[in-house]
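Scroll down for the structure; my scribbles are underneath it.
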Amino acid sequence: MKIYYEKDVDTGVLANKTIAVIGYGSQGMAQSRNMADSGLNVVVGLREGGSSWQTAKDDGMNVMSIEDAAKTADIVHILIPDEIQGAVYEQSIKPYLEEGNTISFSHGYNIHYGYIQAPQGVNVTMSAPKGPGAMVRRTYLEGFGIPGLVAVEVDATGDAKQQALAMGKGCGLARAGILETTFKEETETDLFGEQAVLCGGVTELIKAGFKTLVDGGYQPEVAYFETCHELKLIVDLIYEKGFAGMWHDVSNTAEFGGLTRRSRVVTPEAQKEMAEILKEIQEGKFAKEWALENQAGRPMLKRMRDLEDELQIEEVGSKLRKLCGLEK
Ligand code: NDP
Ligand code: MG
């Protein structure tokens, strides 16, 4: 595996280039500000009348329409939600791309599944932080950064990887290390992670644990602390010191109980289902489902959001987080 650090990356390759960051949300704000603060030439492309236009102006960014930004730029870094990138690209970016330009992403989704196809002679690269925008910005200001990824799908100019690495360095990612990957690997692992482990897996685990305790007659507040609040403390230990460090810090009773019971929770059947989920991602079945859902106006997502809001753990959690001063 190849990891690039500050000393390995020369931002000189971007000296005469203009980077248009399209979008000023979670990633767009953090990445465009970091790159500008690092001395790179950055403009921000947004739709006029959108809510982030004024925010970007107030932050002192050079804001223009998406079309003008695409015209001006050598590198168009597309940081708007994945499900609208294809349409915005066709209408407002593609017509202005010239040979030798670069389109760049922080997630491989649209390139990997073919929703965006670059014209001949245009580089396709990825520069992606492994974390949310707020953290990208905060750690940069603290003088450090979070780890990142770099990938090249099309290298038309011969220096596509150097360009993408330099953008990552401008974001502060080379301070923590930039790993080399491919569009396929990044897209498929990212989707799998968020579905099976991070967003999907972990909420279902919490939900099931909470419900088991409440059904067992215990106070919901106690159940919440046990199955949700404390999860962060355990995950922080694993994040900092690995499984071994976590097992060392919890009691021997917790260690014995955890090690003897965990495979009864995440059973071999659960692992078979994980493999099935991965297959749906690899075969493009998930992407197709999500595209159809968007075309239909997201009826399923809306319904699931409503059901999620109605969960008892959300009600109890919100009350407790306010009482503890964690939430306003
Ligand atoms: P956001 O949802 O935060 O993007 C919001 C921005 O997109 C706003 O500037 C908004 O402008 C603009 N936008 C929304 N809809 C449209 C539209 N129809 N036309 C034009 N502009 C629009 O996106 P993220 O930062 O979360 O994600 C950007 C990319 O980064 C994605 O590829 C994502 O996968 C990737 N990524 C995200 C991470 C994260 O933590 N969020 C982590 C790693 C990668 P307006 O104000 O006008 O609505
Ligand atoms: Mg991810």
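Nothing fancy with the numbering, it's 1 onward along the sequence. This one's a predicted model, so the numbers in the text were calculated from it and none came from an experiment. Whatever order the structure lists them in is the order used to number ligands and atoms, beginning at 1.
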Salt-bridged, [X] to [Y], with N to O below 4.0 Å?
X: K302; Y: E293; value: no
X: E67; Y: K71; value: no
X: D236; Y: K241; value: no
X: E308; Y: R305; value: no
X: K184; Y: E153; value: no

Please state which option from [options] has its nearest heavy atom closest to [atom].
atom: atom 11 (O) of ligand 1; options: G50, S52, S51, P132; value: S52
atom: atom 24 (P) of ligand 1; options: G108, G28, S26, G49; value: S26
atom: atom 22 (C) of ligand 1; options: I84, L46, D82; value: I84
atom: atom 44 (C) of ligand 1; options: A87, S92, A56, S106; value: S106
atom: atom 18 (N) of ligand 1; options: Q27, R47, E194, H77; value: R47

- Provide the closest heavy-atom pair for I116 versus I111 in the form atom of the first, atom of the second, distance.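 Closest heavy-atom pair between I116 and I111: O-CD1, 3.6 Å.
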- Message: I'd like to check which ligand 1 atoms, numbered from 1 as shown, lie under 4.0 Å from a non-hydrogen atom of G23.
- Response: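 What qualifies from ligand 1 is 9 (O).
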- Of all the heavy atoms in M29, does at least one lie under 4.0 Å from an atom in ligand 1?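 Outside the 4.0 Å threshold, so no.
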Answer with side chain, backbone, both or neither: which part of [X] has a heavy atom less than 4.0 angstrom from an atom of ligand 1?
X: I80; result: both
X: K130; result: neither
X: V88; result: side chain

- Does the N or O separation between H107 and ligand 1 drop below 3.5 Å for any pair?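 No; the residue has no nitrogen or oxygen that sits under 3.5 Å from a nitrogen or oxygen of the ligand.
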Can you list, pair by pair, the side-chain donor-acceptor contacts under 3.5 Å of residues 266-287, counting residues two or more places apart and other chains?
| from | atom 1 | to | atom 2 | distance (Å) |
| --- | --- | --- | --- | --- |
| T267 | OG1 | E269 | N | 3.4 |
| T267 | OG1 | A270 | N | 3.2 |

Side chains of residues 59-66: which donor-acceptor partners sit under 3.5 Å, not counting sequence neighbours?
| from | atom 1 | to | atom 2 | distance (Å) |
| --- | --- | --- | --- | --- |
| D59 | OD2 | Y24 | OH | 2.6 |
| S65 | OG | D68 | N | 3.1 |
| S65 | OG | D68 | OD2 | 3.3 |

